[in-house]
Asker: 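I have a structure here, written as structure tokens, and I will follow up with some questions on it.
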Amino acid sequence: MHFDELLKTLGELGHYQRTRLFLICLVSIVCAFHAMNMVFVGANPKKKCQVPYVNNVTLDHWASFLRRADEDACEIYNPDEVYNSVSNGSYTFQELSSGETNASFSKVSCSNWEFSREVYGDTIVTQFYLVCDSAWLRSTSKTLYFFGRLLGAVVFGQLSDIFGRRPMFFAGLLMLLIVGCVAAASPSMFVFIPFYILQGAAQTGLFLVAYTMCTELVGPSYRVLAGFLIQGFYSIGYMALSGVAYLIYDWRYIEVAITLPVVLFAAYLCILPESIRWLLSKGREEEAKEIIKKVAETNKVPITEDMLEDLRSPSEKQKEAVDDRKYTFVDLFRPFRMLILSLNVWFNWLVNAMVYYGLALGTDNLGGDPYINFMIAGAVEIPAYIMCVLCLNRVGRKKPLTITMIFGGVSCIASAFVPSDLVALKVTLAMLGKFGITASYAIIYLMAAEVFPTVVRNIGMGISSMSARIGGMLAPQILDLGAVWGPLPLLLFGVLSAVAGSLALLLPETNGRPLPQTIEDVTHPEKLKHRDDMTLDIRLNEKEKQNI
């Protein structure tokens with residue numbers, strides 16, 4: 001009996017699967033901690049240039065005048081020149097402060113700063129002085145973190161296919177524990193950045209392996225539901241991080257607090273088995289059968305030896321029947337219709353990731369309490385995922401993708417032009433944008449798996465993932481454009497989101513249609529007939545609902 005058929009007997013979401021699905025989903029909370037920690041670890045508090053103390057001069061007047069040289073607190077008036085002009089009677093501080101004189105002084109660069117502790121405690125900005133000439137290190141560290149995520153996606157994806165899901169799952173946990181602790185103890189940015197890159201690689205690799213384990217654990221009817229569930233737990237971690245950062249207040253202890261819980265997952269060594277689907281794909285049927293027997297025992301379902309025969313998928317034979325030749329990424333660029341589809345999908349992935357992480361990392365720029373803003377940004381993701389689960393099979397993929405992206409884009413554009421004193425309205429519009437982009441990100445992930453033909457699906461999805469990482473790398477740099485013009489980041493996010501959403505109208509609708517097998521299926525879609533059971537199914541049948 002084929003494994004998917006056997007799962008219908010065992011229960012596609014029985015007690016065994018529910019328990020382990022929940023346990024794996026808990027890991028995504030820690031992944032969210034590490035994905036978003038730079039919002040608080042790299043927070044940029046208000047600052048003042050530290051001025052030298054001078055005898056017989058009122059400190060407030062002295063410091064206030066010197067700091068007037070630069071609103072960004074990167075330079076002050078030359079203290080020696082100012083002191084000499086006051087001490088020899090050329091000017092008084094009252095005259096200098098009132099601006100009634102034509103006095104002109106040279107400026108000198110600040111070397112030390114006083115940072116406000118009203119909102120944030122110690123951060124890498126305050127500890128390593130990532131301001132003024134060194135401010136680029138702050139955004140660069142975020143960009144390099146996303147470069148680490150790109151490496152993690154590629155490396156862990158390949159190694160999990162070679163060595164298995166379980167070994168790479170625990171390798172990701174161990175790597176995250178080590179690099180997280182080293183990053184927390186970093187004495188300088190030149191030590192912190194390399195380990196922060198590795199932290200990004202470990203976080204992304206671990207989450208992708210956990211995501212794969214979730215979807216391979218359940219039956220086909222629940223595969224997409226499992227994917228949305230682990231993303232929902234990710235959102236819970238997203239929200240919880242704001243509470244952790246608020247209570248701890250110091251970047252080193254925040255790093256330690258979000259890293260040490262990884263130790264608890266060592267208990268999974270005795271609980272989580274290898275993926276049955278991976279074992280079958282590698283011909284290790286005896287090991288797979290032992291796990292299947294445990295599943296049957298836990299789910300209290302009797303099985304016979306006959307049921308355990310012919311478990312392997314016939315997909316390799318099907319692929320040979322479809323086409324004998326090898327396909328490469330070049331096939332995604334030909335013919336022209338395939339090229340347009342590929343570029344459209346990749347552009348949507350890039351924009352979705354860019355806007356998603358841009359809004360997540362930029363919550364402290366909206367005004368109001370950054371901890372509450374960040375928590376709301378995580379909370380809006382959960383109804384976005386619920387909406388996707390309820391709507392995608394009813395109304396299709398293309399229209400919801402277009403609507404959510406344009407809705408998110410318009411919300412961002414509107415938020416960009418709201419005056420900074422209307423904090424509640426500005427935050428509300430930005431969070432509506434976050435809701436829209438979260439939903440569209442989930443939809444394009446599903447849709448991309450359905451529009452690429454089987455012969456190049458893995459290649460197409462791999463480039464899609466790389467496009468998303470590039471979008472994430474660009475997000476911190478776009479946020480820095482706020483120094484040029486405050487509304488510019490939100491305006492760019494909004495325009496790009498609306499453009500990508502409009503281009504999504506050119507993508508084919510995949511709901512209720514068979515998955516394309518060859519390039520010809522994409523270039524001549526009229527040959528594909530509607531069939532409800534071919535696209536990824538999100539629906540729960542009534543019988544299985546009662547078992548949840």
Side-chain angles (χ1 to χ4, degrees), residues 35-49 70-75 109-110 113 115-116 119-120 123-150 189-190 192-194 196-197 199-200 245 251 350-368 370 373-374 377 408-409 411-413 415-418 420 426-427 429-430 433-434 437 467-497 499-500:
M36 301 294 179
N37 64 354
M38 185 53 80
V39 172
F40 303 107
V41 167
N44 189 14
K46 293 179 180 179
K47 64 184 182 297
K48 295 178 181 179
C49 188
D70 184 8
E71 293 182 356
D72 294 327
C74 293
E75 293 180 321
S109 299
C110 293
W113 290 265
F115 292 93
S116 169
V119 180
Y120 302 106
T123 70
I124 60 172
V125 173
T126 65
Q127 186 140 30
F128 302 131
Y129 285 170
L130 305 186
V131 294
C132 301
D133 291 342
S134 298
W136 64 274
L137 279 171
R138 177 173 175 257
S139 59
T140 300
S141 63
K142 296 178 185 179
T143 296
L144 290 175
Y145 172 81
F146 283 99
F147 175 71
R149 295 189 66 171
L150 172 60
M189 280 299 289
F190 299 103
F192 176 81
I193 287 178
Y196 197 54
I197 294 172
Q199 197 172 332
W251 78 270
L350 185 146
V351 171
N352 270 279
M354 179 196 300
V355 178
Y356 177 88
Y357 288 107
L359 291 176
L361 297 174
T363 50
D364 58 340
N365 299 328
L366 297 175
N373 292 349
F374 188 81
S411 298
C412 288
I413 293 171
S415 179
F417 291 105
V418 171
S420 56
K426 192 175 188 68
V427 171
L429 290 171
K434 184 65 160 48
I437 208 66
S467 300
R469 307 308 164 204
I470 294 171
M473 292 169 66
L474 293 173
Q477 306 304 321
I478 292 179
L479 288 173
D480 278 356
L481 295 177
V484 178
W485 184 40
L488 188 55
L490 279 173
L491 184 60
L492 285 175
F493 291 146
V495 170
L496 288 171
S497 183
V499 170

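Remember, it's a predicted structure, so these values are computed and weren't measured experimentally.
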Asker: Could you pull out the closest heavy-atom pair between P45 and S116, with the gap in Å?
Answerer: CB-O, 3.5 Å
Asker: Would you say the ring centers of F192 and F128 fall short of 6.0 Å from each other?
Answerer: no
Asker: Closest heavy-atom contact between A353 and G472?
Answerer: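 The pair with the smallest heavy-atom distance is CB-N, 4.2 Å.
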Asker: Do you know which two heavy atoms are closest between L361 and K142, and how far apart they sit?
Answerer: CD1-CD, 4.4 Å
Asker: Compare every heavy atom of S497 with every heavy atom of I437, then report the nearest pair and how far apart it is.
Answerer: CD1-OG, 3.7 Å
Asker: Would you compute the distance between atom CG of L359 and atom CG of N365 and round it to the nearest 0.5 angstrom?
Answerer: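 If we round to the nearest 0.5 Å, L359:CG and N365:CG are 11.0 Å apart.
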Asker: Do I413 and V495 come within less than 4.5 Å of each other through their side chains, counting heavy atoms only?
Answerer: yes
Asker: How about L130 and N44: do any of their side-chain heavy atoms sit closer than 4.5 Å?
Answerer: no
Asker: To the nearest 0.5 Å, what is the distance between CE (M38) and CZ (F146)?
Answerer: 10.0 Å
Asker: Apply side-chain hydrogen bond (donor to acceptor under 3.5 Å, both in side chains) to the pair Y196 and N37, showing each step before the final yes or no.
Answerer: CA-CA 11 Å; Y196 197 54; N37 64 354; 2.9 Å; yes
Asker: Considering all heavy atoms of both residues, which atom of F374 and which atom of M36 are nearest to each other, and what is their separation?
Answerer: CZ-CB, 3.5 Å
Asker: Is it true that a side-chain atom of K47 and a backbone atom of F115 form a donor plus acceptor pair closer than 3.5 Å?
Answerer: no
Asker: Strictly distance-based, threshold 3.5 Å: is any side-chain N or O of W136 a donor or acceptor partner for the main-chain N or O of D133?
Answerer: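 Here the side-chain-to-backbone pair exists.
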Asker: How long is the gap from SG on C49 to CG on D72, to the nearest 0.5 Å?
Answerer: 12.0 Å
Asker: Calculate, to the nearest 0.5 Å, the distance between atoms CE and CG belonging to M354 and L492 respectively.
Answerer: 8.5 Å
Asker: Would you call L137 and I193 a side-chain contact if the rule is heavy atoms closer than 4.5 Å?
Answerer: yes
Asker: Is the backbone of A73 close enough, under 3.5 Å, to the side chain of W113 for a donor and an acceptor to pair up by distance?
Answerer: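 Yes; at least one donor-acceptor contact below 3.5 Å.
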Asker: Taking the six-membered ring for Trp, are F40 and Y120 parallel (under 30°), tilted (30 to 60°) or perpendicular (over 60°)?
Answerer: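 Plane angle between 30° and 60°, so tilted.
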Asker: Taking C74 and C132, which are both Cys, do their SG atoms fall under 2.5 Å of each other?
Answerer: yes
Asker: Side chain of T123, backbone of A43: donor and acceptor closer than 3.5 Å?
Answerer: yes
Asker: First locate atom NZ of K434, then atom OG1 of T363, and finally report the distance between them rounded to the nearest 0.5 Å.
Answerer: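 K434 atom NZ to T363 atom OG1 measures 9.5 Å (nearest 0.5 Å).
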Asker: Measuring from T143:OG1 to I470:CD1, what's the distance to the nearest 0.5 Å?
Answerer: 12.0 Å
Asker: Determine yes or no for a side-chain-to-main-chain donor-acceptor pair under 3.5 angstrom, with R138 supplying the side chain and G42 the backbone.
Answerer: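 Yes, because the side chain of R138 sits within donor-acceptor range (under 3.5 Å) of the backbone of G42.
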Asker: Has the side chain of N373 got a donor or acceptor atom that lies under 3.5 Å from a matching backbone atom of G367?
Answerer: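 Such a contact is found between N373 side chain and G367 backbone.
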Asker: To check you understand the geometry: which heavy-atom pair defines the closest contact between F493 and V355, and what is its length?
Answerer: O-CG2, 3.6 Å
Asker: Checking side chain to side chain contact (heavy atoms under 4.5 Å, CB included) for the pair L366/L490: CA distance, chi angles, key distance, verdict?
Answerer: CA-CA 10 Å; L366 297 175; L490 279 173; 4.2 Å; yes
Asker: Quick check against the 3.5 Å criterion: does S415 have a side-chain atom that pairs as donor or acceptor with the backbone of S411?
Answerer: no
